[in-house]
Protein chains: 2
Amino acid sequence: MAKKKLEEVDLSTEEKIKDAARRVFMKKGYAATRTRDIAEAAGINLALLNYYFRSKEKLFELIMLEKLAKFFGAIAPILNDTNATLDQKISAFSNNYIDLLTANPELPLFILSEVRANPERFVNKLPVAKVAESHFIQQLQEKRPDVHPLHFLMNVLGLSVFPFVMKPVFHASGILNERAFAARMEERKALIPKWIMGMLKTK
Amino acid sequence: MAKKKLEEVDLSTEEKIKDAARRVFMKKGYAATRTRDIAEAAGINLALLNYYFRSKEKLFELIMLEKLAKFFGAIAPILNDTNATLDQKISAFSNNYIDLLTANPELPLFILSEVRANPERFVNKLPVAKVAESHFIQQLQEKRPDVHPLHFLMNVLGLSVFPFVMKPVFHASGILNERAFAARMEERKALIPKWIMGMLKTK
DNA sequence: GATCATTTTAATCAAATGTTTAAAAAATTG
DNA sequence: CAATTTTTTAAACATTTGATTAAAATGATC
């Protein structure tokens, strides 16, 4: 006979707690998450959270580090591939990143919400330098020295990420269901490179 | 002699509380905001918050309605101006909206964070229908029947809004200060219409 | 200026919340 | 299998937090 709900009975206690923390923190954010929520979601005794992770904050930092690595880690390697053309980088990025976010749709808004709610905590903690000084940026400067390269970086990022950021709004509005959203995002993989390459030619 | 900090001593008590609530809710979000924070920021006795607004939640709903109206209210009129061409709508939107967000930089992330943290609360409460069925959408369908119009709506919106959503990240990373950000956004007012019109021609 | 209504205050309440404690249960070791 | 360590549990603790209360202060009305 099956166990109730999503309880991961085969995992170690530590992993059960981390798994539950990922779900609850991602869904409600740090401030709205109660340690009892996590304990319940993990199917463990409340005290075990502190036994294994000392505090709610320590547990959160652990999860947040994971999520930051996932969100930012996928960007830099692609944009620093010195063997790839601009076109190739943009294509690789939109394809890979849309796949990543399709598998982790709440990732961007989770990170953005937490940084906004507590910016001091993240000062010099966000691995973005590798992106801001990437080979991609250099190529942009060569191709279009008349436009600040950050514009194009922002656009590649925005065209891929922004739909996921707006997803809760569109969903609550009932104007875009799960299936339609997935279809649009699949289309964007091919559209975004075309659009951006077009931008780079626009005078 | 000046009064301490930002206390708005000339306003009515009710307005003092609302003003403080706007600041604190916008900065920390609903869950992380304590009624005592608001009372302190307003320079009033804690009990007055409940005297005038019954509860933290009621006060929040008031502020949220304001912010939703500000965020969504500016979009529909522009996109439904039947006298404006596509180009004119896009130009009017990026100019007006970037001005609006420059004056209210935390507005998008505030709304997006709250919707994400509590989506049920906003079901059928977001005035987005007027946008999804706008004259702008009709024009897009005529011009490019081969691409779903939501893509272009998403792009106009994203290119304008996404930088403000990423602002805390860029700022915490130290790769974009206040002045540089303002400069880029000023540039985007003219760039976005060019980019989008280019997209509409891209086959 | 006495009476009544409105606004403000200090104190308190009850519930929620992160964390700790001490003992029980389970696992490990020699 | 006895001794020891590790893990789990139930209970409780100390704060925090949203809200209320009753009285005081202020303002309005006749």
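Chain identifiers are assigned alphabetically (A, B, ...) following the order of the sequence lines, protein sequences preceding nucleic acid strands; residue numbering begins at 1 within each chain.
Donor-acceptor pairing under 3.5 Å is recorded for the side chains of Arg188(B) and Asn155(A). Counting only N and O atoms by type, the side chains of His148(B) and Glu187(A) include no donor and acceptor under 3.5 Å apart.
The aromatic rings of Phe93(A) and Tyr97(A) sit parallel to each other, their planes meeting at less than 30°, with 60° as the upper class boundary.
As judged by a 4.0 angstrom heavy-atom cut-off over every strand, Leu49(B) is placed among residues making no nucleic acid contact. Across all strands, Phe53(A) comes closer than 4.0 Å to no nucleic acid atom at all (heavy-atom distances).
Taking atom CD of Glu15(A) as the reference point, atom C1' of dT7(D) lies 17 Å away to the nearest angstrom. Between the CD atom of Glu57(A) and the C1' atom of dT16(D) there is a distance of 16 Å, given to the nearest Å. Lys58(A) places its NZ atom 16 Å from the C1' atom of dT20(C), with the value rounded to the nearest Å. Distance CG (Leu48(A)) to P (dG18(C)): 16 Å, rounded to an integer number of Å. When rounded to the nearest whole Å, the span between CD of Glu40(B) and P of dA10(C) equals 14 Å. Counting to the nearest Å, the C1' atom of dA22(D) and the CG atom of Leu46(B) are 16 Å from each other. Counting to the nearest Å, the C1' atom of dG18(C) and the CZ atom of Arg54(A) are 14 Å from each other. Distance Leu59(A) CG to dT19(C) C1': 14 Å, rounded to the nearest Å.
Using a 4.0 Å cut-off, no side-chain N or O of Tyr51(A) falls inside it from OP1 or OP2 of dT6(D). For the pair Thr13(B) and dT7(C), the criterion of a side-chain N or O lying under 4.0 Å from OP1 or OP2 is not met. When the side-chain nitrogen and oxygen atoms of Thr35(B) are compared with OP1 and OP2 of dG18(D), one or more of them lie within a distance under 4.0 Å. Contact check, Asn45(A) against dA10(D): a side-chain N or O comes under 4.0 Å of OP1 or OP2.
Along DNA chain C, the nucleotide nearest to Ala47(A) and the one nearest to Arg34(A) differ in position, and the one closer to the 5' end is contacted by Arg34(A). Between Tyr52(A) and Arg36(A), the one whose closest nucleotide on DNA chain D sits nearer the 5' end is Tyr52(A).
Distance from the side chain of Asn50(A) is smallest to dT20(C) among dT20(C), dT20(D), dT8(C).
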Audit row: Ile38(A), Leu59(A), side-chain contact (heavy atoms from CB on, under 4.5 Å) steps and yes/no: CA-CA 11 Å; Ile38(A) 298 175; Leu59(A) 176 55; 4.1 Å; yes
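The side-chain heavy atoms of Glu106(B) and Lys27(B), taken from C-beta on, include no pair separated by under 4.5 Å.
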